[in-house]
Colleague: 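Structure incoming, see below.
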2 protein chains.
Amino acid sequence: MMRGMPETVIFRQATAGDVPAIVAMLADDPLGAKREGHPDDERYREAFARVDANPYDELIVAERDGEVVGTMQLTYLAGLSRRGAERCQIEAVRVAASTRGQGLGRRMIQWGVDRARARGCAVVQLTSDKSRADAHRFYGSLGFANSHEGFKLTLG
Amino acid sequence: MMRGMPETVIFRQATAGDVPAIVAMLADDPLGAKREGHPDDERYREAFARVDANPYDELIVAERDGEVVGTMQLTYLAGLSRRGAERCQIEAVRVAASTRGQGLGRRMIQWGVDRARARGCAVVQLTSDKSRADAHRFYGSLGFANSHEGFKLTLG
């Protein structure tokens, strides 16, 4: 039986002041540790400013007792496919190490799915590194179909 | 040995007048046939207008002798991950049935990758339905790593 999350968790749009906590969560991860830098790196602040200014991007944090304990980014994608449907893409999902195993990730993704549904999105989509087997089971349990292969080309 | 494409193929941003040809290519596909509608459906025009107005979206067509024979959408995604790197996402890739097997898809994707590199994107990413085995070999041959699982949740 999973321990319940306290009801005091809220989900909200991130502010500039949340950036160091978000970067720390991105880096505290087997894959993220190799590619993230110092939270004060100016490039993080610049990226935050662009996301914050874009009406189709929402950088979300989960806050509990005044502390940021989770994050994800929602991007609302337009395109002609599926009769011009809007899709919601979820990226950069992290739960703070102190808070794992308490159901926060599940609540956060469900919150995002509900938000996408309320906007009228036709699809919620995300990719997960093939090494993250636990994440794959997690998304399957939330109703996501593992229907696609995800390809990346890193540019030098 | 693959036949060479004539040198008269150009890649350019789509205009509103290209929308019917793009929709026809989206629909002329085992998966697309089930989910696309009439090219005159107003939702396609609305989606085009949003893409066209967004500086981070580029709907591309390949044109040969005045005819649209290929399409793809490039979206430039911002986020904090990877030190705030911009990523290029490719979606809705199609080559007209009349033009398949002539290397146009390869040229089009390479054009997109070059464009992403010139902007300074750190990564080019895309997903492909698990049923499209030929596409998976194609992207692998272009240097893409099949590193991720792609999940979709269709909203009712």
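Reminder, nothing fancy here: chain letters follow the sequence lines and each chain counts from 1. Nothing here was measured: the structure is a model prediction, and the numbers come from that model.
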Colleague: Do A:V9 and A:V68 sit in one hydrophobic cluster, given that two such residues count as connected whenever their side-chain heavy atoms are within less than 4.5 Å of each other, even indirectly?
Modeller: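 Hydrophobic grouping puts A:V9 apart from A:V68.
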Colleague: Distance under 6.0 Å and angle within 45° of the ring axis: does A:R50 meet both against B:Y56?
Modeller: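 The answer is yes; both the distance and angle limits are met.
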Colleague: Under 4.5 Å heavy-atom distance to chain A, tell me which part of B:R45 shows up: side chain, backbone, both or neither.
Modeller: neither
Colleague: Chain B heavy atoms under 4.5 Å from A:A116: which part of the residue, side chain, backbone, both or neither?
Modeller: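 Contact with chain B involves both backbone and side-chain atoms of A:A116.
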Colleague: I'd like to know which of A:H38, A:K34, A:E91 tops the heavy-atom pair count under 4.5 Å against chain B.
Modeller: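 Of A:H38, A:K34, A:E91, A:E91 has the most heavy-atom pairs under 4.5 Å with chain B.
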Colleague: Going by heavy atoms in the side chains, are A:L77 and B:Q89 under 4.5 Å from each other?
Modeller: yes
Colleague: Below 4.5 Å from any heavy atom of chain B, which atoms of A:I90 appear? Answer side chain, backbone, both or neither.
Modeller: neither
Colleague: Can you say whether A:E42 sits under 4.5 Å from chain B via the side chain, the backbone, both, or neither, judging by heavy atoms?
Modeller: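 Interface part for A:E42: neither.
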Colleague: Against A:E149, only a single residue in B:R132, B:K130, B:H136 fulfils side chain to side chain donor-acceptor pair (under 3.5 Å); can you say which?
Modeller: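 Answer after filtering B:R132, B:K130, B:H136: B:K130.
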Colleague: Considering only heavy atoms, which portion of A:S81 lies under 4.5 Å from any heavy atom of chain B: side chain, backbone, both, or neither?
Modeller: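 Both backbone and side chain of A:S81 come within 4.5 Å of chain B.
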Colleague: Tell me, for A:D129 versus chain B, whether the close heavy atoms (under 4.5 Å) come from the side chain, the backbone, both or neither.
Modeller: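 The answer is both parts of A:D129.
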Colleague: Can you get from A:F144 to A:V95 by hopping between Ile, Leu, Val, Met, Phe, Trp and Tyr side chains that sit under 4.5 Å apart?
Modeller: yes
Colleague: Check each atom of B:A145 against the heavy atoms of chain A and say whether the ones under 4.5 Å are side chain, backbone, both or neither.
Modeller: both
Colleague: If we ignore hydrogens and angles and just use 3.5 Å, is the side chain of B:R83 paired with the main-chain N or O of A:R35 as donor and acceptor?
Modeller: yes
Colleague: Quick one: of A:T154, A:N146, A:L26, who has the most non-hydrogen atom pairs under 4.5 Å with chain B?
Modeller: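 Result: the option with the highest number of such pairs is A:N146.
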Colleague: Do you know which of B:A92, B:G79, B:A85, B:G143 has the most heavy-atom pairs with chain A at a distance under 4.5 angstrom?
Modeller: B:G79
Colleague: Name the orientation class of the two ring planes belonging to B:F151 and A:Y139 (parallel below 30°, tilted from 30 to 60°, perpendicular beyond 60°).
Modeller: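 Rings of B:F151 and A:Y139: tilted, 30 to 60°.
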Colleague: A:F48 and A:Y76: same hydrophobic cluster, using ILVMFWY side-chain contacts below 4.5 Å?
Modeller: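 Hydrophobic grouping puts A:F48 apart from A:Y76.
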Colleague: I need the residue from A:V123, A:L142, A:V19, A:L80 with the largest number of non-hydrogen atom pairs under 4.5 Å to chain B.
Modeller: A:L80
Colleague: Identify which part of A:A78 has an atom lying under 4.5 Å from any heavy atom of chain B, answering side chain, backbone, both or neither.
Modeller: both
Colleague: Is it true that B:V51 and B:V93 fall in one hydrophobic cluster, defined by side-chain heavy atoms closer than 4.5 Å?
Modeller: no
Colleague: Given a strict heavy-atom distance threshold of 4.5 Å, which part of B:L126 is in contact with chain A: side chain, backbone, both, or neither?
Modeller: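 Interface part for B:L126: both.
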Colleague: A:V69, A:L59: one ILVMFWY side-chain cluster at the under-4.5 Å cut-off?
Modeller: no
Colleague: Can you tell which part of A:E36 gets under 4.5 Å to a heavy atom of chain B, answering side chain, backbone, both or neither?
Modeller: both
